[in-house]
Amino acid sequence: MENKDIYILGVGHNTPVYIDLAEACGYHIQGLYHYNSDRTGEFDHGYKILGSFEDLFSLGNLSQKNFALSQGDNEIRSSIFEKILKAGGNIPTLIHPTATVSKFATLGKGCIIHINAVVHPDVVIGDNTVLSYNTAITHSSQIGKHCYLAFDTKIGAYTKVEDFVFFGINSHTISGKVDCIGTHAYIGAGALVTKSIEAYNVVMGSPAKVIKILEH
């Protein structure tokens with residue numbers, strides 16, 4: 001029988017969102033882990049904080065255990081993701097019952113699909129990518145690993161999004177106009193992307209323009 005027990009990693013404002021999602025997907029919350037030990041033993045939204053991330057990874061073998069990662073920062077979330085997998089833990093893909101995901105879409109490990117999200121046919125989504133509520137990925141697009149799409153983001157058709165890209169609230173790409181958004185690009189809230197974006201570029205506005213290039 002499938003193990004439906006799960007632990008939430010990260011205690012903060014986003015924690016109850018992941019509690020709601022995991023429970024909507026039929027999981028039973030076994031406890032929470034915080035980034036440090038300051039709150040160990042406390043309760044958050046009715047669930048006990050069992051310890052720090054260091055406490056968790058000191059256990060060594062995490063096999064037979066499920067985890068959900070509530071961090072919005074792509075780099076932090078990816079680091080924890082890799083550590084859990086290396087320790088034998090499992091990070092299930094969680095799809096809210098109100099979301100619509102085509103049977104012709106392909107989702108990686110540990111994807112998070114929140115309330116009312118829509119994933120069209122022939123979409124590929126990489127490991128550990130988060131689609132917040134009311135997001136939509138149009139057919140024939142590809143989203144890389146460790147990306148975050150804030151609520152109301154819409155990705156048009158035929159768009160390739162590379163790894164570690166962050167989309168702010170209500171950002172959009174136009175179908176057939178945006179071939180690629182490069183790795184670690186940052187798309188500002190409300191941006192309308194009308195052409196390809198280079199890696200590490202920060203863009204804002206409608207149409208979106210480069211305002212900064214991130215150090216790397």
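The model shown is predicted, which means the values in this text are computed figures rather than measured ones.
Between F166 and Y186, the angle of the ring planes stays under 30°, which puts this pair in the parallel group of the 30/60° scheme.
Checked against a 6.0 Å centroid threshold, the rings of F53 and Y35 do not count as neighbours.
With salt bridges taken as basic N to acidic carboxylate O contacts below 4.0 Å, one links D44 and R39.
A distance-only check finds a donor-acceptor pair linking the side chain of S70 to the backbone of G10 [under 3.5 Å]. Counting only distance, with no hydrogens or angles, the side chain of D163 and the backbone of G144 share no donor-acceptor pair below 3.5 Å.
Side-chain N/O atoms of H184 and E75 include a donor and acceptor closer than 3.5 Å. D55 and S58 share no side-chain donor-acceptor pair at under 3.5 Å.
Y27 places a side-chain heavy atom less than 4.5 Å from the side chain of P92. At a threshold of 4.5 Å between non-hydrogen side-chain atoms, the residues N128 and K145 do not count as touching. Looking only at side-chain heavy atoms (C-beta outward), V161 and C147 come within less than 4.5 Å of each other.
Only one option out of H28, Q64, Q30 pairs with D5 in a side-chain hydrogen bond (donor to acceptor under 3.5 Å, both in side chains); it is Q30.
For the atom pair T135 OG1 and F151 CZ, the distance stands at 11.0 Å (nearest 0.5 Å). To the nearest 0.5 Å, atoms CD1 (I80) and CG (D73) are separated by 9.5 Å. Residue I143 holds its CD1 atom at 7.0 Å from CG of L131, rounded to the nearest 0.5 Å. Between F167 atom CZ and I187 atom CD1 the span is 5.0 Å, to the nearest 0.5 Å.
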Run the ring-ring contact (aromatic ring centres under 6.0 Å, His included) check on Y158 and H139 step by step: do they pass? CA-CA 7 Å; Y158 315 113; H139 66 84; 5.3 Å; yes
I would like to know whether F81 and I91 meet side chain to side chain contact (heavy atoms under 4.5 Å, CB included); could you show each step before the answer? CA-CA 8 Å; F81 179 88; I91 306 173; 3.3 Å; yes
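Across every non-hydrogen atom of S132 and A150, the tightest pair is CB-C, 3.7 Å.
Remark: K154 NZ is packed, more than 12 non-hydrogen atoms of other residues, nucleotides or ligands lying under 6.0 Å away. Within 6.0 Å of CD in E54 there are 12 or fewer heavy atoms belonging to other residues, nucleotides or ligands.
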I'd like a table of donor-acceptor pairs (distance under 3.5 Å, sequence neighbours excluded) in which one partner is a side-chain atom from residues 109-118, with atom names and distances.
none

